[in-house]
Structures are given as structure tokens and as C-alpha cells.
Amino acid sequence: MCGRYAVSRRPEDLVGIFGVQKWEPAETLAPDWNVAPTKGVHAILERPLKDAEDPRPVRQLRTLKWGLVPSWANSPEGAARMINARSETVHEKPSFRRAFASRRCVLPADGYYEWVTGETERELEERGRRKRARKQPYFVTPADGSVFAMAGLYEFWRDRTLPDDHPSAWWVTCAILTAEAERAPLGVAPAEGPRSLADIHPRMPLMLTPDRWDAWLDPGHTDPASLRALLEPPPEGLMRAYAVGTAVSNVRNNGPELLTEWEGPEEATLF
């Protein structure tokens, strides 16, 4: 799954990386090293500009809310639970299938966090020596330092309790697609600990390599079979994973220090 991630690249960098044609500097976000559900997030998407005479889609950098609210939902209360969509079933699930057909986006990140319970901790818990096993956070990121482009979906939801001209009348929300985690060795693995992404968690965000960006973002690309072909996992061995400090477990903590590799005794005792 993906429940927390980091974005340090500034909007100007994302505009260049993804070939964005339209963005509003006043609406962009500052770097965030602890992105959590319900926060505003950057997304790359293509759609016609509002009130424009030209109906052709334009690639845009937009700010969306993480946690998808289906257009037919009576309220947004379930948004915090709909942060991920399984790539294997996204085309058939009522909450996601319409967005999958024509409202796809890319959520740029440096990488994502995942928490691991090591074998030693599990054994202590099973023997009653520890009431709650400690979990070691890991940061997973492209080994070459490139952008981690996560496949996403976005949706519009109208709050019927507000008038049309209210700034919060429309919500634009999103979800991240996930896939089975790679079982092949990591491109760069930690000296101690997990050797593959599947050792960390059975699911991972679906990363789109640059050769798939255009087809994924194109709203005119609606053929289900060809869209599902874009959901194939990227080549193996592209990722690096390393332990980080437990400060990231508290969503109130934020800053580049959260990405610092952890080399303390906590890591050594977990595996």
C-alpha cells in the first residue's frame, strides 16, 4: 500500500520534468517530507482548461486532496480510507472505474515510507515478551534519484450543501494505484534488513516509467485492454530502500531530516 510519502521537488522542477503546460503558482505546495492522507498533493493531469475555447486537453500541475471521493458519494466521510486503489481490480470497482476510464493522473514523489516488523520483534511479541512489536520505518525511492511517478486517479465531488459560487463547492480528490511488491532483489539494498520490496510490504505504489506517462495521462485513451497494459510493473531492480528514524511515524513531524538514513541500534535489533 501507500499511506505516507515525501515530495521535495519544487513546482518549477515538476513542470520541467513532466512537460506541464499550465500551472498556477499561487496554488502550488511547498515541499512536504511527510505527506499523509487528506493532505493537499501535487498531481499531473490532462484536461481542457476551464472556459477555454480550445477543447483539447492541456497538461496541468494541480493541487488535489489525497483520499478519493466518488462523484456519486453522499458525503466525503470515507475519503481517508480511499487513498489506494488496487491495480488488478481498479477497472471494475464502482468507486474507481469511471476515474480509471478518463481521469488518470501522476502523483510525483521522492519515494514512499513503509513500516516493517522484524523477525526478532515478532518472536518477542509471540512469546509475550513484548506487548506491541516495534516497527522500523523504511524509505523506498528510485536508486538513480529520479522522480517516483505514482499512477493515480482523480475525481470531482460536488458538496450540495454549498452554493455554486462557494470556493469549497467542488472537491477534487485522488487515489494512488498499488501493485504487488517486487520479489526480486532491490537495486540498492540495506546492509541489514529486507532484500526485496516484498520483504517490506506485500504491496507498493505502482510506479510509471517515463515511457508510459503520455498514454496514462491522455484522457482520450479509453480502451480498457490497452489501459490495463499500462499497469504492468516497471522493470525490476530500479528501487533502493533504507531505514529511517521513527520520527516519520508522527505526521506532525516534517522536514528533510526524515529522509536521513538511520544507522542506530534500533535498526540492528529488528532483523
Side-chain angles (χ1 to χ4, degrees), residues 2-3 5 7 10-12 14-15 18-32 35-86 89-109 149-177 213-224 227 251:
C2 179
Y5 66 94
V7 186
R10 297 189 178 277
E12 297 86 345
L14 299 175
V15 166
F18 290 97
V20 169
Q21 300 164 286
K22 176 69 174 179
W23 66 296
E24 295 293 342
E27 297 179 5
T28 54
L29 304 167
D32 191 340
V35 181
T38 74
K39 275 190 172 183
V41 297
H42 279 139
I44 314 298
L45 56 86
E46 290 186 5
R47 61 182 295 105
L49 295 176
K50 186 177 181 180
D51 300 325
E53 294 182 3
D54 191 340
R56 290 177 295 183
V58 173
R59 186 164 298 184
Q60 306 172 45
L61 175 65
R62 300 282 294 271
T63 297
L64 314 182
K65 180 173 286 192
W66 186 18
L68 190 138
V69 181
S71 60
W72 43 261
N74 293 324
S75 78
E77 291 180 0
R81 297 191 302 271
M82 298 186 66
I83 59 173
N84 295 153
R86 295 176 68 93
T89 58
V90 66
H91 63 289
E92 59 188 16
K93 294 295 184 180
S95 296
F96 302 120
R97 61 190 179 196
R98 290 183 180 178
F100 177 65
S102 60
R103 287 182 290 279
R104 299 175 299 274
C105 62
V106 170
L107 300 166
M150 300 183 290
L153 309 174
Y154 69 97
E155 190 60 275
F156 293 91
W157 181 78
R158 175 70 166 88
D159 187 344
R160 298 296 176 185
T161 66
L162 300 174
D164 291 341
D165 58 352
H166 194 282
S168 299
W170 285 97
W171 290 37
V172 190
T173 61
C174 61
I176 295 170
L177 270 68
W213 293 352
D214 289 348
W216 179 254
L217 292 173
D218 182 2
H221 188 183
T222 58
D223 177 64
L227 284 174
V251 72

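Given the structure is predicted, the values throughout are model-derived calculations rather than measurements.
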Backbone N/O of L29 and side chain of H42: donor-acceptor pair under 3.5 Å
yes

With sequence neighbours left out, what residues match F96 under ring-ring contact (aromatic ring centres under 6.0 Å, His included)?
none

What I'd like to find out is whether the side chain of Y154 reaches to under 4.5 Å of the side chain of R47, using heavy atoms alone.
yes

Contacts satisfying salt bridge (charged side-chain N to carboxylate O under 4.0 Å, His left out) that involve residues 36-46 (not counting sequence neighbours) are D32-K39, E46-R59

Test of understanding: with ring-ring contact (aromatic ring centres under 6.0 Å, His included), list the residues that count as partners of W157, not counting sequence neighbours.
W171

Please set out all donor-acceptor pairs under 3.5 angstrom arising from side-chain atoms of residues 215-222, sequence neighbours excluded.
from: W216; atom 1: NE1; to: C105; atom 2: O; distance (Å): 2.8
from: D218; atom 1: OD1; to: G220; atom 2: N; distance (Å): 2.9
from: H221; atom 1: ND1; to: A215; atom 2: O; distance (Å): 3.1
from: H221; atom 1: NE2; to: S226; atom 2: OG; distance (Å): 2.7

CG-CG distance between L45 and L64, expressed to the nearest 0.5 angstrom
6.0 Å

List the steps, then state whether side chain to side chain contact (heavy atoms under 4.5 Å, CB included) holds for R97 with L153.
CA-CA 10 Å; R97 61 190 179 196; L153 309 174; over 6 Å; no

Any side-chain heavy-atom pair from E12 and W23 closer than 4.5 angstrom?
yes

Side chains of V41 and V7, heavy atoms from C-beta outward: is any pair under 4.5 Å?
no

L107 and C174: which non-hydrogen atoms are nearest, and at how many Å?
CD2-SG, 4.1 Å

Quick check: does any side chain N or O of R104 sit under 3.5 Å from a backbone N or O of A101, one acting as donor and the other as acceptor?
yes

Under the rule for salt bridge (charged side-chain N to carboxylate O under 4.0 Å, His left out), what residues qualify as partners of E24, not counting sequence neighbours?
K22

Considering all heavy atoms of both residues, which atom of A175 and which atom of M82 are nearest to each other, and what is their separation?
CB-O, 3.7 Å

Looking only at non-hydrogen atoms, find the nearest pair between C2 and M150 and report the distance.
SG-SD, 4.2 Å

Does D54 CG have over 12 foreign heavy atoms under 6.0 Å away?
yes

Qualifying residues under side chain to side chain donor-acceptor pair (under 3.5 Å), relative to T161, sequence neighbours excluded:
D159

To the nearest 0.5 angstrom, please state how far the CZ atom of F156 sits from the CH2 atom of W170.
8.0 Å

Nearest heavy atoms of P94 and W72, plus distance in Å
O-NE1, 3.6 Å

With distance as the sole test, does T63 use its side chain to make a donor-acceptor pair with the main-chain N or O of G40 at under 3.5 Å?
no

Rounded to the nearest 0.5 Å, what separation is found between the OG1 atom of T38 and the CZ atom of R81?
13.0 Å

Heavy-atom pair of closest approach, residues S95 and L68:
O-CD2, 3.6 Å

Enter the distance from T173:OG1 to I83:CD1 here, rounded to the nearest 0.5 Å.
12.5 Å

Does any non-hydrogen side-chain atom of W66 lie less than 4.5 Å from one of I176?
yes

L162 versus S168, closest heavy-atom pair with distance:
CD1-O, 3.5 Å

Approximate separation, where rounding is to 0.5 Å, of E155 CD and R98 CZ:
8.0 Å

